[in-house]
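Report on the structure given below.
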Amino acid sequence: MKAAITAIGGFLPDNIVTNFDFEKILDTTDEWITTRTGIKQRHIENDPAKATSDMGAKAVEELCKKRGISPEEIDLLIVATVTPDMVFPATANLICSKVGAKNAWGFDLGAACSGFIYGLATGAQFIETGRYKKVVIVGADMMSRIIDYTDRTTCVIFGDGAGAVLLEASKDDNGIQDFILHSDGNGAVHLHMKAGGSLLPPSHDTVNDRKHFVHQEGQAVFKHAVYNMAEVSAKMMEKSKLTANDITWLVPHQANKRIIEATSSRMGISTDKVMMNIEKYGNTTAGTLPLLLWDYEKRLKAGDNLILSAFGGGFTWGSMFIKWAYDGSKSGK
Ligand code: UT7
């Protein structure tokens, strides 16, 4: 039995911050951001009362409505995030209570930008074994809450957003076919948040020293991302015996347009087969892949071959081969 995605929901905060807005507060230009990253704007939540669970709950509500199911039918809900509402309880628990998923249990999964693929791989096991009928995977990050807006190299790339998918048993051979996942803690030095955990609990010093923000050594992460995302995607193709012609869509993590181009070029895939929305949303971390599926849903058809790929903090990276299970044009957004 295969696990198939049968519905998608998404959510972006209303407030949009453009590159021109950054020109007013930072030593930067629209030209630099556009040519180095491909990003033109990002959505940033400006209501201090809102958190990651609010975005995730909206995405789950939309997904349930589109599939015509009650949240009470959800058995398990996994949230991939590095920006949970609180250290505990899990954001998954908060989303379940916000949407009324009374019969579900859930947990958070921390794999940064690869979190959504990790979540799909994990959730699929519960469907494939027949234990559960409906598993929801949420990829959600409110990156603006952990970004230092005086660090021009890092702050311009991130945005806020959430996407969610429903996994159910496939009626045919479509669905999740295979995946390759990796992690390497040696990469932590290049991309991390220094304080707030058990190693360096919050204190006046950690706040004064700006240690509660994303620390990213852009160039080092860039090199690892280009190599590993391209390599793991090419391996996924080989393992699945797919040529570039067989692939309908590459669904790559949206961190930098240049990383996406390097990945598609290594795979020999033309740009018209590459899902891309980085110019509108920036890097929403665990949100990028479900938000791509959400944006492109109407163009997806049953039997399409999708290769998902991601690279992020940890380091974590991976790729997944999905045979799409339904006609997206029939699922209204
Ligand atoms: O999703 C999680 C994984 N994260 C990633 O995959 C991100 C990977 N890294 C990147 O995407 C890129 O490294 C960045 C977009 C973060 C930075 O781009 P870059 O081309 O690697 O820039 P850089 O750090 O090498 O800086 C080049 C120059 C420097 O000036 P000098 O030293 O050459 O004079 C920077 O100070 O660009 C300068 N710079 C900027 N200039 C204008 C850095 N940020 C900016 C900026 N505006 N916002």
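Basis for what follows: all heavy atoms, side chains included, without hydrogens, waters or symmetry-related copies. Predicted model, so just to flag it, every value in this text is computed and none were measured. Note that ligands are numbered from 1 as they come in the structure, with each ligand's atoms numbered from 1 the same way.
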Nearest heavy-atom neighbours spanning [X] and [Y]:
X    : Y    : result
S331 : K66  : OG-CE, 3.3 Å
V82  : M143 : CG2-SD, 4.1 Å
V214 : T154 : CG1-CG2, 4.1 Å
A162 : A140 : CB-CB, 3.6 Å

### Query
Against heavy atoms of A255, which atoms of ligand 1 measure under 4.0 Å?
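Taking each heavy atom of A255 in turn, ligand 1 has 1 (O), 5 (C), 6 (O) under 4.0 Å.
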### Task
With heavy atoms of N256 as the reference, note each atom of ligand 1 found under 4.0 Å away.
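Those qualifying, in numeric order: 10 (C), 11 (O), 12 (C), 15 (C).
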When you measure from the side chain of [X] to the backbone of [Y], do you find a donor-acceptor pair of N or O atoms at a distance under 3.5 Å?
X    : Y    : result
T37  : N256 : no
Q216 : G218 : no
D295 : L292 : no

If you measure from [atom] to every heavy atom of [options], which option wins on shortest distance?
atom                    : options               : value
atom 13 (O) of ligand 1 : A310, G218, G38, G313 : G218
atom 36 (O) of ligand 1 : H190, E217, R152      : R152
atom 25 (O) of ligand 1 : Q219, R258, Q254      : Q219
atom 7 (C) of ligand 1  : E31, R36, Q216        : Q216

May I ask you to identify the nearest protein heavy atom to [atom], giving residue, atom name and distance to one decimal place in Å?
atom                    : answer
atom 3 (C) of ligand 1  : V221 CG1, 3.6 Å
atom 2 (C) of ligand 1  : C113 SG, 3.1 Å
atom 1 (O) of ligand 1  : N283 ND2, 2.7 Å
atom 39 (N) of ligand 1 : W32 CZ2, 3.4 Å
atom 17 (C) of ligand 1 : T153 CG2, 3.7 Å
atom 47 (N) of ligand 1 : T28 OG1, 2.6 Å

### Query
According to the salt bridge (Lys or Arg N to Asp or Glu O under 4.0 Å) rule, which pairs have a member within residues 114-132, sequence neighbours left out?
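Residue pairs passing salt bridge (Lys or Arg N to Asp or Glu O under 4.0 Å), neighbours aside: none found.
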### Message
Is a donor from one side chain sitting under 3.5 angstrom from an acceptor on the other, for S144 and D160?
### Response
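D160 and S144 do have a side-chain donor-acceptor pair below 3.5 Å.
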#### Entry: T284 versus D141, side-chain donor and acceptor atoms under 3.5 Å
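The answer is no; no qualifying pair exists.
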### Task
For atom 41 (N) of ligand 1, state whether the nearest protein heavy atom is under 4.0 Å away.
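At least one protein heavy atom is under 4.0 Å away.
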### Query
Does some non-hydrogen atom of the protein lie less than 4.0 angstrom from atom 34 (O) of ligand 1?
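Answer no: nothing from the protein, no heavy atom, is under 4.0 Å.
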### Query
Applying ring pair (Phe, Tyr, Trp, His ring centres under 6.0 Å), which residue pairs with at least one partner in residues 220-251 are found, sequence neighbours left out?
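Found H190-H224, H224-F315, W249-Y296.
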### Query
What do we get for F222 next to ligand 1 when only non-hydrogen atoms under 4.0 Å count, side chain, backbone, both or neither?
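Answer for F222: both.
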### Message
T37 versus ligand 1: do any nitrogen or oxygen atoms come within less than 3.5 Å of each other?
### Response
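No, no N or O pair falls under 3.5 Å.
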### ligand 1 N/O within reach of I259 N/O, cut-off under 3.5 Å
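No - when backbone and side-chain N and O of I259 are compared with those of ligand 1, no distance drops under 3.5 Å.
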